[in-house]
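We name chains A, B, ... by the order of the sequence lines, and we start the count at 1 in each one. Keep in mind it's a predicted model, so treat the numbers as computed, not measured.
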Protein chains: 2
Amino acid sequence: MENIFRELEKMLEEDGHQKVLLPLLIPEDILAVESEHIKGFEEEVFWITQGGNEQLERRLALRPTSEVILYYMFRSWLRSYKDLPVKLYQRAEVFRYETKATRPLLRVRQVYWNEAHCVHLTEEECMHQVMKAIEFYEKLFREICALENLLVVERPAWDRFAGAERTFALDCYIELTGRTVQVGTSHHLGQKFTKAFGVRVKLPDGSEAWPYSNSYGISCRVLGALILTHSDDVGLILPPRIAPVKAVVVPILYKGKEEEILEYAKEVVGQLQELLGSAVLDTREERPGWKFYYWEMKGVPLRAEVGPKDLENRTVTLVRRDTREKLCVKFEELGKAKDILEDIQRNLRERSKKMLENAIKLARTMEELEKILAEKKVALVPFCSTNLEGKECAEKIKQQLAAEVLGVDLRNQKSAAGKRCIVCGKPATVWVYVAKKY
Amino acid sequence: MENIFRELEKMLEEDGHQKVLLPLLIPEDILAVESEHIKGFEEEVFWITQGGNEQLERRLALRPTSEVILYYMFRSWLRSYKDLPVKLYQRAEVFRYETKATRPLLRVRQVYWNEAHCVHLTEEECMHQVMKAIEFYEKLFREICALENLLVVERPAWDRFAGAERTFALDCYIELTGRTVQVGTSHHLGQKFTKAFGVRVKLPDGSEAWPYSNSYGISCRVLGALILTHSDDVGLILPPRIAPVKAVVVPILYKGKEEEILEYAKEVVGQLQELLGSAVLDTREERPGWKFYYWEMKGVPLRAEVGPKDLENRTVTLVRRDTREKLCVKFEELGKAKDILEDIQRNLRERSKKMLENAIKLARTMEELEKILAEKKVALVPFCSTNLEGKECAEKIKQQLAAEVLGVDLRNQKSAAGKRCIVCGKPATVWVYVAKKY
């Protein structure tokens, strides 16, 4: 998670985002300022009512998200068009009182996330930024996390972030279960929050304007999606670009040769550290087979075995985690380890891409839709509307099939001309993805 | 703060600490397991009693510190001597319901900190680590933060961390107010927490043992101490090693030469970025004087002015923040900027060292002690005992002079033979520092 967040923060900082740290506790009256927003969260807020042995005069909410506390500050911080654009992020925890069963990483009450917030003078600039956030996340998920099993959509009106005018989202499709995990969102808030919190700026001509704003974030759910996508029955398979340990060296100590083999193993680990940035030598008092299993379970991309034969020939046996292929290389050829890591990254990206390609199926009737979902796939269906008038049809799908309308593909907007809504039969205006969700 | 924490985390990781993220919410019954610990914190715990619109069955505490939740996990994680030592840290927030007036950075309710925890098999190894933590903090404060106005002490028995057997602390002396700020602590917990939480490990011979543990941390208070130590009437003065912006380039745009000067300023900022790692060019539409003031207030160590004369002669005017001295250098000599930063760092360290040297005064009577405190200095006084039997004398000092017994110098333990306690007149066993505290 640390490595994933660091990669994201590099992108955000290059794009002019500054790191901040915001208060966790929000007084009840401040949380209530934007009415749609509070409505969206009131069921899941943790409330502090006591400090020490005293009853507090006003309840404090554990932030379910940080918009309100930030806009409360923006009112003092932002005065002039010269203060814009402002782009901030924080790596922090937010809290949701989930009443449904929790699941590690996927549905948690303490959400570890990176949330970013920006304010722009013009709507155009603001919309540009909300899309840029999606691009950052796509790059992070696809290239760094090797998650190409990604749907990039605009959410329907009834599934927007509380208070947002538009919500864009990235959903990761999990082949194993046929469900999707929302791994990132980017919300265009329009002027709703700046108006609710009185954030107004002076223009060059002396007049005043309400600026526009967005918020966007990703959470530890991406780690859940990554584990569900890349693992096998032995354990994790971590994409090399985010693996904290890139390679492990396991010495196979034969009697009488222990010291020599260990010396050679140290040479190997030193070389791998230099080449890959990180590698560990496992010298624990355990059998090699136990160590192989231990590091495979942890998803370390590459294992280097160093035994008596390797010592004799100055070779190293490399075993890659994804395909478990073995390759014996000369010490001088250890540079190949780097190529193998790149190949693992490429392979994981391809595998995950195929998972999604194999999953998307067109459905024109509810029966077809049901069948697709039963096969653990994602359906692409013609739909009446993603405005509020489509909500009823979405609810029918949810009731009958326990699946949800994810939204319209942001990159590939297929014409729905001549098609009819899969639920109500009225003329369709869009194609939407329908899937079961985590 | 980010830069200070990063420097610390580098040291901790090199010493084998792993980063973790612990739960913020602690169920009441788990918080109560170690009785001294809960007693020490019960007055200042925030309690969550509601989730959404429901009353919770058991109250949840916002962690005031993370020992209990971690030891609760240690019981499952640590089984064998092979699992030891374990060293963990987290950068996180803890919460204290302060009823006294809060002060920015110094007395806050949401404490941003780095806390570390370790468990060792033997007491000796554990004591070694508790001292190592003090050494890390000393290095961080002295070398990186340029805070040489530092007292390193062992706290008296009545001022230990709740549940600790020994508490060591670093206090920063603030010349401006004559008060000290506790900026770091390291606690030896002995076997108290491992026993309370049932953390037991198997030894090679099959028997079991209670391991020993420590915890240590620093918080955002160090930033408060740093500001109080190094600032002047114009604003902050940041030690170059932690300044997020090392240098600012302010172009002085004369009519007709704007473009040329700006081009040259870009060359200068590029060169400074390469040399110093960070530098910004201020191109905002404001007068140069306004910009000078703006960046001085922010404490940027070095300003580079680039005007028409500099353009003509390919020179740059460098102004250092600490002494505000000016130096005109040729473009080719910009490498001097690096020397200036090092000299600022050195100068700030020396200044802060002198602050402390000028402050410490010996007192042998309560009248002398009162006079020293009134002069905003720190007293070194003979004292009966830092065990619990000395508590009464310490309370008298607190009542009469609103000052506290900080403890015994860890580095320089002067013999108190033949001296008498400044309060009760009984034979003194130690010299202790006495000061007003933040």
Open item on the list: Quick check for you: to the nearest 0.5 Å, what is the distance between B:R91 atom CZ and A:R91 atom CZ?
Closed with: 7.0 Å
TODO: Counting only heavy atoms closer than 4.5 Å, note whether A:R59 contacts chain B via side chain, backbone, both or neither.
DONE: side chain
Open item on the list: For A:L21, which atoms come within 4.5 Å of any heavy atom of chain B: side chain, backbone, both, or neither?
Closed with: side chain
Task: Heavy-atom contacts under 4.5 Å, residues 281-291 of chain B to chain A - done: B:E285, B:E286
Open item on the list: Would you say that more than 12 heavy atoms from the other residues, nucleotides or ligands in this model lie under 6.0 Å from the CD of A:Q55, or not?
Closed with: yes
Task: Residue pair B:I48 / A:W47, side-chain heavy-atom distance below 4.5 Å - done: no
Task: Between CG on residue B:L24 and OH on residue A:Y112, distance to nearest 0.5 Å - done: 13.5 Å
Task: Heavy-atom neighbours of A:K298 NZ exceed 12 at 6.0 Å - done: no
Open item on the list: Give me the atom names and distance for the closest heavy-atom approach of B:Q110 to A:L22.
Closed with: NE2-O, 3.2 Å
- [ ] Look at atom CD of B:E43 and say whether more than 12 heavy atoms of other residues, nucleotides or ligands are closer to it than 6.0 Å.
- [x] no
Open item on the list: Measuring from atom CD of A:Q18 to atom CD of B:E2, what distance do you get when rounded to the nearest 0.5 angstrom?
Closed with: 12.0 Å
- [ ] For residues A:E54 and B:T99, determine if any side-chain heavy atom of one lies less than 4.5 Å from a side-chain heavy atom of the other.
- [x] yes
Task: Flag if over 12 foreign heavy atoms under 6.0 Å of OH, B:Y72 - done: no
Open item on the list: What part of B:F41 gets within 4.5 angstrom of chain A, counting heavy atoms only: side chain, backbone, both, or neither?
Closed with: neither
Open item on the list: Under a 4.5 Å cutoff for heavy-atom pairs, which residue among B:A61, B:A92, B:G52 has the most contacts with chain A?
Closed with: B:G52
Open item on the list: Heavy-atom pairs under 4.5 Å with chain B: which of A:E42, A:E44, A:K82 has the most?
Closed with: A:K82
- [ ] Supply the atom-to-atom distance A:F46 CZ to B:T49 OG1, rounded to the nearest 0.5 angstrom.
- [x] 11.5 Å
TODO: Using only heavy-atom distances, determine whether the side chains of B:Y97 and A:Q50 contain a donor-acceptor pair under 3.5 Å.
DONE: no
